[in-house]
Amino acid sequence: MPAGTLYRGREGMWSWVAHRVTGVLIFFFLFVHVLDTALVRVSPEDYDKVVATYKTPIVSLLEYGLVAAILFHALNGLRIIAVDYWTQGPRYQKQMLWTVVGLWILLMLGAIYPVLGHAARVLFGS
Amino acid sequence: MQIHKYDTVIVGAGGAGMRAAIEATKRSRTAVLTKLYPTRSHTGAAQGGMAAALANVEEDNWEWHTFDTIKGGDYLVDQDAAEILAKEAIDAVLDLEKMGLPFNRTPEGRIDQRRFGGHTRNHGEAAVRRACYAADRTGHMILQTLYQNCVKEGVEFFNEFYVLDQLLTEVDGVQRSAGVVAYELATGEIHVFQAKSVIYASGGTGKFFKVTSNAHTLTGDGQAAVYRRGLPLEDMEFFQFHPTGIWRMGILLTEGARGEGGILRNKDGERFMEKYAPVMKDLASRDVVSRAIYTEIREGRGCGPEGDHVYLDLTHLPPEQLDAKLPDITEFARTYLGIEPYTDPIPIQPTAHYAMGGIPTNVQGEVLRDNTTVVPGLYAAGEVACVSVHGANRLGTNSLLDINVFGRRSGIAAADYAHANDFVPLPEDPAAQVEAQVERLRSATGNERVSDIRRELQECMDANVMVFRTEQTIKTAVEKIGELRERYLNVSIQDKGKRFNTDLLEAVELGNLLDLAEVMAVSALARKESRGGHYREDYPNRDDVNFMRHTMAYREVDATGAESIRLDYKPVVQTRYQPMERKY
Amino acid sequence: MSTPNSPTLDKHSSALDAAENTASHLITVTLRVRRFNPEVSAEAEWVDYRLPIDPKERVLDALHKIKWEIDGTLTFRRSCAHGVCGSDAVRINGRNRLACKTLIKDINPEKPITVEPIKGLTVLKDLVVDMDPFFQAYRDVMPFLITKGNEPTRERLQSAEDRERFDDTTKCILCAACTSSCPVFWNDGQYFGPAAIVNAHRFIFDSRDEGGEQRLEILNDKDGVWRCRTTFNCTDACPRGIEVTKAIQEVKRALITRRF
Amino acid sequence: MSTDITDAVELTGSSVAPYSPENPAPVIEPPRARTKRTPRSTRTNFEMYGWLFMRLSGVVLVVLVIGHLLIQLVLDGGVQKVGFAFVAGRWASPFWQYWDLAMLWLAMLHGGNGLRTVINDYAEQANTRVWLKTLLFTAVAFTIVLGSLVIFTFDPNIR
Ligand SMILES: Cc1cc2nc3c(=O)[nH]c(=O)nc-3n(C[C@H](O)[C@H](O)[C@H](O)COP(=O)(O)OP(=O)(O)OC[C@H]3O[C@@H](n4cnc5c(N)ncnc54)[C@H](O)[C@@H]3O)c2cc1C
Ligand code: HEM
Ligand code: SF4
Ligand code: F3S
Ligand code: FES
């Protein structure tokens with residue numbers, strides 16, 4: 001690494017860092033996800049067993065994280081595309097980023113119940 | 001020590017150096033030595049424009065331009081040179097356009113032109129639009145365009161090489177240029193460049209003033225190197241003070257601001273230039289405006305708590321016009337003063353700007369060793385040189401023109417000379433002087449600091465040889481400089497290393513400034529008249545009988561090793577225009 | 001239009017404020033400079049300097065004060081001191097800036113002000129970096145007007161709109177603030193970097209130029225425009241206010257439209 | 001000169017290297033600096049197509065992935081319903097088969113190309129880059145092949 005300290009970038013840089021991190025995360029998840037799904041070919045019992053572990057509260061939380069990553073990556077991906085193709089995109093990139101973050105927060109709030117609801121029921125009883 | 005051999009060596013990569021390099025590289029093996037990366041040169045700071053009688057927007061011709069140049073220079077201009085300047089201006093601008101320079105355009109798609117101080121139609125009738133420009137970044141565009149073309153031509157640059165000495169060798173009783181000695185900043189190594197021809201294009205020397213529009217790096221290295229080898233310096237007393245520098249900082253606000261309609265006002269809001277120059281008003285030539293500003297300040301009409309500045313008022317101009325034509329200077333006001341030029345007038349004061357004098361050359365750029373004979377193989381162009389097209393006062397936009405016209409001419413002449421002549425043998429131990437100088441500074445243990453001496457020099461120059469001068473003030477300056485030179489012998493530096501030792505080079509540069517300041521003051525003392533940029537309160541009038549001549553200053557060293565300055569004079573070349581009283 | 005002679009006293013206010021404020025009151029700041037001198041040590045280190053300074057002064061003035069009054073070995077580049085020559089791009093408080101265009105008062109003088117060399121170029125001494133790779137990338141995009149056919153006798157005509165098309169990118173002073181702020185460049189110096197692309201843009205969109213195709217071809221390669229990840233650090237860093245990312249996107253779009 | 005260096009080390013006897021103007025330390029270099037000879041031009045449109053593909057696949061993926069998420073996690077019961085039977089039910093319809101197939105391919109290629117960029121950015125040694133990319137390529141190819149096989153050879157009656 002070129003010697004040095006952290007660069008204090010602004011919205012653009014941090015959104016890129018987040019985009020990259022989420023992208024890599026999703027990739028590795030997808031890799032694992034395909035492997036586990038492949039189990040349906042091998043043995044339905046094993047598949048159900050694995051999927052059952054997905055139904056624990058901790059995995060639900062991870063799942064929530066995954067949804068967060070995908071949603072951010074997807075929304076920010078659309079922002080990047082707007083920056084690329086819309087002539088005024090670069091000028092409004094910050095506004096677009098805040099829109100993305102806003103939408104993302106809304107969607108994540110909306111996803112709390114569907115994704116974490118079951119976990120909550122398991123933990124606290126319904 | 002390393003030795004390099006080139007046909008042509010160019011010292012400096014500002015506008016003049018690179019314009020010369022483009023020509024020389026096509027014709028001979030050329031090296032450009034520059035103490036800054038080329039695009040850092042101060043040509044890039046020039047704002048307003050470059051004069052040429054293109055007549056793109058209104059009637060104009062090069063003869064009017066010649067006249068304005070001569071009159072602007074208070075008749076100290078060599079008129080043959082001024083004719084060349086004005087005549088070749090047109091091609092100089094067109095050449096730059098063809099190289100890619102993005103000039104502002106007229107509605108017809110031609111190069112646009114604007115008004116500038118001292119440029120008139122029909123011998124002074126009214127202001128004419130003669131300055132070709134690219135917003136207020138004309139110098140930037142020229143520097144970039146020339147660098148781009150150097151890249152295209154494959155010019156060989158030695159970046160961050162400081163030329164510290166000129167080598168002369170006597171062949172058949174004639175002193176010829178043999179090459180230069182340079183100090184490589186990155187390594188501290190000393191390089192000898194043997195060359196058939198050498199062109200100096202190392203720019204101005206404004207840093208001996210405190211309030212100046214000049215860069216920290218404009219320390220007159222070229223002038224000093226040549227002068228120390230016994231060659232003369234011409235008209236050093238003539239220094240231009242630009243009327244509109246940002247108050248206390250000296251950062252330039254182009255005359256183009258007044259060309260676009262800006263107005264100077266005193267503390268009463270009065271447009272005072274109407275009193276001093278009824279026709280041209282705010283666009284009178286620079287020396288006239290600078291003196292007017294100081295007169296206002298002295299007579300108590302200056303602005304601010306200390307009454308030490310006046311205002312440049314742009315508030316009546318539409319914001320769109322400021323954005324389109326003066327984007328950079330409005331930004332300077334915002335950045336450095338926290339002022340919004342749309343609504344507030346900008347505090348300004350005159351700032352030391354341009355050295356009219358320098359290394360004397362003829363119109364081919366050949367350096368003169370006395371009033372008539374040239375030093376074979378030695379050339380100079382740009383602000384370092386004195387052709388003299390600017391005489392006692394340079395007109396705005398004529399310098400960007402000068403560097404292009406005479407940069408090109410000297411580039412061609414030097415390359416041709418290199419073709420026709422052979423290498424001159426290097427003097428014995430060519431690097432000796434520079435090695436000794438560097439070694440002395442590096443091992444010096446004295447107790448004087450470079451920055452102290454430099455500050456005192458700058459304050460002394462500002463106080464005593466700026467816009468107004470008298471016998472008394474100049475004498476004070478001469479004495480003070482003498483004292484500072486003594487103290488300079490005792491400077492020591494803290495950085496003893498080899499790499500990027502800018503501490504060392506600042507000391508070297510200070511030595512150059514001291515030498516040149518002394519020449520300037522001594523020349524000014526002897527000129528007992530007022531002309532152009534040189535204004536003597538004790539001799540307020542121009543004296544054509546005694547002083548219609550160029551000053552030539554020589555460094556003399558007697559048997560005991562004591563230095564002194566010998567002044568001589570050179571006649572002014574007059575062709576068509578007889579001196580008249582100068583009124584705007 | 002105000003009549004030329006009307007007093008403009010109403011306009012004096014803010015200029016006067018500035019005047020009064022400049023009646024200098026000094027404050028004490030700490031400059032924390034990243035220093036490196038290979039002639040002394042192989043390590044770079046932070047050194048703190050405390051000095052009195054007028055908040056209206058520039059960071060460059062502070063560096064000069066250190067060099068001239070405290071420690072003459074401090075090394076940095078500078079020339080014009082007003083933001084037009086591009087000598088003194090450094091990293092101030094973590095972001096790329098020109099030292100001569102950053103006023104002390106604009107960067108919270110309460111806390112130590114950090115000054116370090118720009119990232120991604122070899123550090124040679126203190127704040128001085130090796131600019132050669134940077135200029136090499138610049139040269140590699142053929143940054144000069146390319147035309148075919150005979151030269152016209154007068155100037156080439158260009159409409160004001162055509163001139164305006166590339167105005168933004170003509171402002172570049174090659175300070176490298178953008179390129180050395182680019183995360184891609186930090187890790188891979190082979191990337192052309194924003195400054196080179198800006199200078200290619202300046203010619204690609206010049207109506208007089210006929211070499212656009214060649215430049216686009218050069219920038220189409222693996223270390224060209226496609227490496228840009230639109231992080232906008234370059235745009236934020238540019239002291240000339242050039243919309244660098246926008247220029248890069250325009251080059252990308254030009255490549256796509258010309259290839260299809 | 002060269003003999004002095006070892007002497008000096010002994011003399012100072014400390015771990016501090018005896019750097020001096022004559023014997024400077026190495027300078028601080030960044031990775032992969034550009035020189036006159038680099039980078040070598042390849043003259044292909046590969047990077048451009050890669051870039052375009054990222055955008056196009058991105059847009060399509062928004063629909064596919066968000067749809068997938070909705071169905072899997074939100075609509076009637078979330079993950080809780082997922083099980084062999086659920087999968088079997090869905091893949092009975094070619095529509096969902098192709099949906100998932102497209103998603104698999106696009107996501108893997110998109111992610112794979114994305115990771116290629118990441119590798120290009122951070123792997124400094126040319127060797128490391130080659131190795132990592134080979135690994136990546138294998139992983140992506142394997143996943144795609146495996147995934148496609150599963151979708152098409154899926155047998156609901158395996159039980
Ligand atoms: C702020 C400002 C605005 C201006 N505006 C205008 C304008 O609008 N119109 C106009 O006509 N004129 C203008 N001028 C004047 C004009 O810009 C300059 O006179 C002209 O650019 C000088 O060019 P040059 O090539 O001679 O020197 P510079 O551009 O100063 O270049 C000097 C070169 O010499 C090199 N050098 C110096 N010393 C050494 C050494 N020891 N060894 C090696 N290399 C060395 C430097 O590295 C540099 O490359 C302006 C000047 C200033 C300061
Ligand atoms: C849901 C819709 C998606 C959209 C709109 C989208 C969009 C994008 C875009 C436009 C880029 C290019 C970024 C750039 O060039 O700077 C990108 C990069 C990337 N994407 Fe996606 N993507 C999506 C889904 C995915 C998925 C499912 C994965 C994982 C398999 C993924 C992994 C990556 C990776 C690893 C990168 C590279 C990141 C980088 O170079 O910084 N993306 N995405
Ligand atoms: S684009 Fe801006 S930041 Fe980059 S080199 Fe040019 S002026 Fe500097
Ligand atoms: S910082 Fe770098 S990634 Fe692109 S937007 Fe600027 S070049
Ligand atoms: S010193 Fe010229 S840009 Fe800062």
Undergrad: What I want to find out is whether D:Asp100 reaches D:Arg90 closely enough, with some N-O distance under 4.0 Å, to be called a salt bridge.
TA: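 The answer is yes: the pair qualifies as a salt bridge.
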Undergrad: If you measure from the Lys or Arg side-chain nitrogens to the Asp or Glu carboxylate oxygens, is any gap between C:Asp168 and C:Lys246 under 4.0 Å?
TA: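 Here C:Asp168 does not pair with C:Lys246 in a salt bridge, since their nearest N and O are not under 4.0 Å apart.
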Undergrad: Could you look at C:Phe134 and say if it's the side chain, the backbone, both or neither that has a heavy atom under 4.5 Å from chain D?
TA: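 For C:Phe134, neither part sits under 4.5 Å from chain D.
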Undergrad: Pairs in or reaching into residues 114-143 of chain D: which pass ring pair (Phe, Tyr, Trp, His ring centres under 6.0 Å), with residues at least two apart or in two chains?
TA: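 Every candidate ring pair (Phe, Tyr, Trp, His ring centres under 6.0 Å) pair involving residues 114-143 of chain D fails, so no pair, neighbours aside, qualifies.
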Undergrad: Go through the steps for C:Trp46 and C:Thr114 under the test side chain to side chain donor-acceptor pair (under 3.5 Å), then give the verdict.
TA: CA-CA 9 Å; C:Trp46 290 105; C:Thr114 63; over 6 Å; no
Undergrad: Name the region of C:Lys125, side chain, backbone, both or neither, that has any atom closer than 4.5 Å to a heavy atom of chain D.
TA: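 Neither part; nothing is under 4.5 Å.
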Undergrad: Using non-hydrogen atoms and a 4.5 Å limit, figure out which bit of C:Arg139 sits close to chain D: side chain, backbone, both or neither.
TA: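 Neither part.
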Undergrad: Heavy-atom pairs under 4.5 Å with chain C are the metric here; pick the option from D:Pro39, D:Pro24, D:Ala33, D:Pro21 that has the most.
TA: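 Of D:Pro39, D:Pro24, D:Ala33, D:Pro21, D:Pro21 has the most heavy-atom pairs under 4.5 Å with chain C.
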Undergrad: What part of C:Asp140 is in contact with chain D, defined as an atom under 4.5 angstrom from a non-hydrogen atom: side chain, backbone, both or neither?
TA: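 For C:Asp140, the side chain is the part near chain D, not the backbone.
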Undergrad: So if I apply the side chain to side chain donor-acceptor pair (under 3.5 Å) rule between C:Arg227 and each of D:Asp121, D:Asn120, D:Thr117, which one comes out positive?
TA: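 In the set D:Asp121, D:Asn120, D:Thr117, the residue that makes a side chain to side chain donor-acceptor pair (under 3.5 Å) with C:Arg227 is D:Asp121.
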Undergrad: So for C:Glu217, is it side chain, backbone, both, or neither that comes closer than 4.5 Å to the heavy atoms of chain D?
TA: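 Only the side chain of C:Glu217 comes within 4.5 Å of chain D.
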Undergrad: Looking at C:Gln190, C:Lys252, C:Arg229, which makes the most heavy-atom pairs under 4.5 Å with chain D?
TA: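 Top count of heavy-atom pairs under 4.5 Å with chain D: C:Gln190.
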Undergrad: Mind checking whether C:His201 and C:Phe205 have parallel, tilted or perpendicular rings, split at 30° and 60°?
TA: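 Rings of C:His201 and C:Phe205: tilted, 30 to 60°.
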